[in-house]
Amino acid sequence: MYRDTYVGNLDAEAAGTTVTIAGWAARIRDQGGVAFVDLRDASGLVQVVIAPDEVPELVDVARSLKREYCLKIIGDVRARPPGTENLDLPTGAVEVAARTVEVLSTAQPLPFQLDDSIETDEQVRLQYRYLDLRRDRMSRNLKARSRAVAAIHNNLDAAGFMEVETPTLIKSTPEGARDVLVPSRHRQGHFYALPQSPQLFKQLLMVAGVDRYYQIARCYRDEDFRADRQIEFTQLDLEGSFWGQDEVLATIESVVSDAVAAVRGEGLSLPLSQMTYAEAIDRFGSDKPDLRFGMEIADLSDVFAASEFNAFASVVEGGGVVRAINIGESESSRSHLDGIIERAKELGAKGLVWMVVEQDGTIRSPVAKFLESGEMDAIRQALSGELGDVLLLVADEHRRASHVLGQLRLDHGRPDGHDDLSFLWVTDFPVFEVADDGGLAPAHHPFTAPRSVEELRDSPETAVAKAYDLVVNGVELGSGSVRIHDPAVQQEVFDILGIAPEEAHQRFGWFLEALRYGTPPHAGFAFGIDRLVSVLQNEPNIREVMPFPKTQTGFDPLTSSPSPVTEDQLAELGIELRPDAEESLEAHPAG
RNA sequence: GGGGGCGUGGUGAAGCCAGGAGUUCACGCCGGCCUGUCAAGCCGGAGGUCGCGGGUUCAAAUCCCGUCGUCCCCGCCA
C-alpha cells in the first residue's frame, strides 16, 4: 500500500494516528541532525520530521534526499511543539514523525524551480510542462477547470440535456476562420477539416429530435494566436428545440453561475444585465465592453460643429462625429501623449487630439487656440473633466471613432489584480458588419435567424439578428443565436448574404436537405471553457489553464510538434511538398 | 501581412544607450558545518561560444544587417 491518506487531510484531529503517505519532496531542510521534508501530494503539503535521536537508522536516507524525489513515508502524526506551528500552512498545526522513508523514485536536478520565486520563460515551462504542472499555481488551475466542467455537466444533466458527441473529422466549409485540414488516404487529394465548432451537427441533432443537446467540444481554428486564442480550444456547446433567446440566456446563466460557484465558491446574481450591440458600441466602443470601470465615451459633435477648429468641424459636416473619453489624471508629458497618438493611429484613427484640464478650468491642448471658453466649458462638462484630467478626442465616422476610443479606454482604464466579475449579455447584433472596403460582411454564420426577413431584405445594413454574446470583464466568452429552421428562409438569407444558390448547394446542400424534414425551431449557444476559467483564475492568458498548450507559432516545445513526416507517409496520402515547404523544413530543423 | 518587447552559467535579472579581459547580484546545483527548521542558516566550490550568421572596428554581449525563437498588440478570428 502506497498510502492510506492524503497529506492535506492531516490536521490537529489526526494527531496520534499513524499514517502512510506518498508524494514528492518539495523542500528539504537538513539541520545536520533533525531534518524536515515538506512532502507534497495532490492534496497539499505536510512537514515530515526525520529525527535521528528518535529513529537513528533514518540518518543516511535523510542525507540522500533531493528535491522532487518521490517518497513513501510511514510516520506518526503529532502536534508540533509549541511555537513551531506554521500558520501559513493548512497542515501547519501538525507534523509527521517519520518511522520509515522509502525512495520510490529519484529526480534529476530540475531545469527550473517549482516555487513561484522566479518567473520562468514560458517556452522552458512548456518543454517541461509535466514539471510546470506540479507547481501550485498550475495545479490549482487544473483543479479549477475540472470543477467548473463538473459543475457544467451536473447542471445540464439535471436540466435534462443529453450529451452527444459529434465527429472531429468533418467536411470543410471554408468560411470564417481557416480550417485545420487532415488528408484522406482512401481518397487522395480529398481532405477532412477539424470542426471550428459542432454548429451544423448540433442543428442536425435538433432535426433528429434530440431536443436538448450539449457537449464539451474541442474546436479548431487556424488563425493567428493571441493571449485568448489557441489553434485548439474547448467550448461548451449546447442547443435546444422549441426554444427562443430568453430560454437560452436563462440556461446559460444558470450553467455559468454554477461553474463560477464551483471555482469561486459563490455564484452569480441573476439575471445578468443586458445591453444591445448598438448601445455597447456607442457607450464603450466595443461589442464586448468591460464594465468593471466607467470612462464612457462622450459625444462632442455638437460642440465642434460650429467651432473654429476646422479639422473637426469639417468631419462633423461630412456626417462624422467627434467623440472623446476622459482617462483621468494621467501623465501629461509630451512624449507620453505622443505615444497615445501613435497608438490611436495603429488602431485606425487618422489622428487624436489630447486635452489637459488646467487649474483655472481652461484647457491645455494643441488645438486650444481654436476654442472659445464656452466650448472649453462644454467639453469639460461633457467629460466631467477635473483638474489634471487627460481627455482624448477622435473625429471620424461613428464606428471608427468609437472603436479607437474603446481600445484607448481599455489601455488606460482596465483594472488588474482584483477579483471582480462583470458579466454582460450583448444582444441584437447586426446581421452585417461594414467591411473596410465599405461593403457588407456577415457578422455571424449564415444560419443565424434575422429579426425579420423583410428588414433584412429592405435595409440589410441595419438589419438585426437574433444573436447574442456573453461577455465577462471585456472578454467575449461565447455567442449564440436563434437559428433559421425554414429552408426557404435559409435560402433567402444565403441569397442576401451573397452566397449563390449553386455555391450554397455545393457547400451546405446536405444541411439544407436536412432542414426540409420537419425542423423544429431551435436556438443555442457556445462559450469558451478556457476563457471562462482563465478569467475566474485571474490568469492573463488561456495557456495557463490548458495543460499542454502551444506557442504563438503553433509549436509544442514538449513533443516538438508539428514535425516532418516520412516520404512514405506523404506518398500514401498522395502529397508532395512544394519547394517553399522544403525550405521551411530546412529553416526549422527537427527538434 | 504589419508594429513592438525580449534572448547573457540550470533559472531569473543587471551590464548594451555611451565598444576595452565573461564582470556582477539573487535562486538553484556540488562539497563542508549545523538537532526545531519552514523560500532554514553559515562557509567554500563548480558552472556561460552573451540565440545563430554576417558586417563595422585595433577591439563587439554592447553598434549595424540578416535570421531563428518567444511574448504582447494591429490585421485576421462566419
Side-chain angles (χ1 to χ4, degrees), chain A residues 26-38 45-54 59 62 66-68 80-89 91-92 95 97 108-128 131 173-179 196-197 199-200 219-231 233 339 342-349 403-404 407 410-411 429 431-433 436 441-448 465 467 476 479 481 497 499 507 528 540-541 543 550-553 555 557 584 586-589 591:
Chain A
R27 234 172 256 117
I28 299 156
R29 295 177 294 279
D30 184 351
Q31 305 293 309
V34 64
F36 301 94
V37 177
D38 287 342
L45 199 78
V46 75
Q47 172 167 287
V48 174
V49 188
I50 303 175
D53 53 358
E54 296 171 31
V59 169
K66 307 284 181 197
R67 284 176 190 232
E68 295 305 309
R80 291 196 187 190
T84 67
E85 302 89 350
N86 185 345
L87 298 176
D88 297 329
L89 212 57
T91 63
E95 59 191 13
Q108 296 181 19
L110 302 170
F112 56 91
Q113 284 151 255
L114 301 191
D115 60 44
D116 290 329
S117 59
I118 289 176
E119 183 114 357
T120 305
D121 182 77
E122 193 169 339
Q123 196 175 11
V124 178
R125 292 174 52 203
L126 292 184
Q127 185 182 346
Y128 298 94
L131 296 179
T173 55
E175 172 139 17
R178 266 182 222 99
D179 280 333
Q196 295 181 24
S197 77
Q199 181 62 36
L200 293 179
C219 304
Y220 306 84
R221 293 177 195 174
D222 189 6
E223 295 296 338
D224 287 350
F225 288 60
R226 284 290 173 79
D228 61 354
R229 280 165 23 193
Q230 284 264 312
I231 189 169
F233 58 99
E342 281 311 302
R343 171 69 171 159
K345 286 179 177 169
E346 180 191 25
L347 293 167
H403 168 73
V404 170
Q407 279 294 334
L410 292 177
D411 288 352
F429 272 72
V431 177
F432 292 104
E433 282 169 352
D436 288 333
H444 299 87
H445 59 67
F447 317 105
T448 300
E476 180 194 326
S479 59
S481 62
L497 292 178
I499 301 175
R507 270 156 55 176
N541 66 66
R543 297 185 300 279
K550 292 168 180 52
T551 69
Q552 205 159 54
T553 56
F555 184 70
S584 166
E586 286 166 25
H588 306 272

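In what follows, every chain begins at residue 1, and chains take the letters A, B, ... in the order their sequences are listed.
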Open item on the list: For a quick check of understanding: with a heavy-atom distance under 4.0 Å over all strands, which category does Ala443(A) fall into, base, sugar-phosphate or nothing?
Closed with: sugar-phosphate
Open item on the list: Between rG36(B) and Glu95(A), counting only base atoms on the nucleotide and side-chain atoms on the residue, is there a donor-acceptor pair under 3.5 Å?
Closed with: yes
Task: N/O donor-acceptor pair, side chain Arg543(A) with base rC71(B), under 3.5 angstrom - done: no
TODO: Using a 4.0 Å heavy-atom cut-off across all strands, classify Thr553(A) as base, sugar-phosphate, or nothing.
DONE: sugar-phosphate
TODO: Test for a donor-acceptor pair under 3.5 Å between the base of rC77(B) and the side chain of Arg221(A), counting only N and O atoms.
DONE: no
Open item on the list: So Arg343(A), base contact, sugar-phosphate only, or nothing? Heavy-atom distance under 4.0 Å.
Closed with: sugar-phosphate
Open item on the list: Once you apply a heavy-atom cut-off of 4.0 Å, does Ser479(A) come out as touching a base, just sugar-phosphate, or nothing?
Closed with: nothing
Open item on the list: Could you check whether the side chain of Glu119(A) and the base of rU11(B) have a donor-acceptor pair of N or O atoms closer than 3.5 Å, going by distance alone?
Closed with: no
TODO: Could you tell me whether the side chain of Asp38(A) has a donor or acceptor atom within less than 3.5 Å of a complementary atom in the base of rC38(B)?
DONE: no
Task: Stacked pair Phe112(A)-rU11(B), distance under 5.5 Å, angle under 30° - done: no
Open item on the list: Considering every strand and a 4.0 Å limit on heavy-atom distances, what is the contact class for Gln123(A): base, sugar-phosphate, or nothing?
Closed with: sugar-phosphate
Task: Under-3.5 Å donor-acceptor pair between Arg29(A) side chain and rC34(B) base - done: no
- [ ] Please confirm whether any donor atom in the side chain of Asp121(A) sits under 3.5 Å from an acceptor in the base of rG12(B), or the reverse.
- [x] no
Task: Under 3.5 Å donor-acceptor pair, Arg226(A) side-chain atoms to rG75(B) base atoms - done: yes
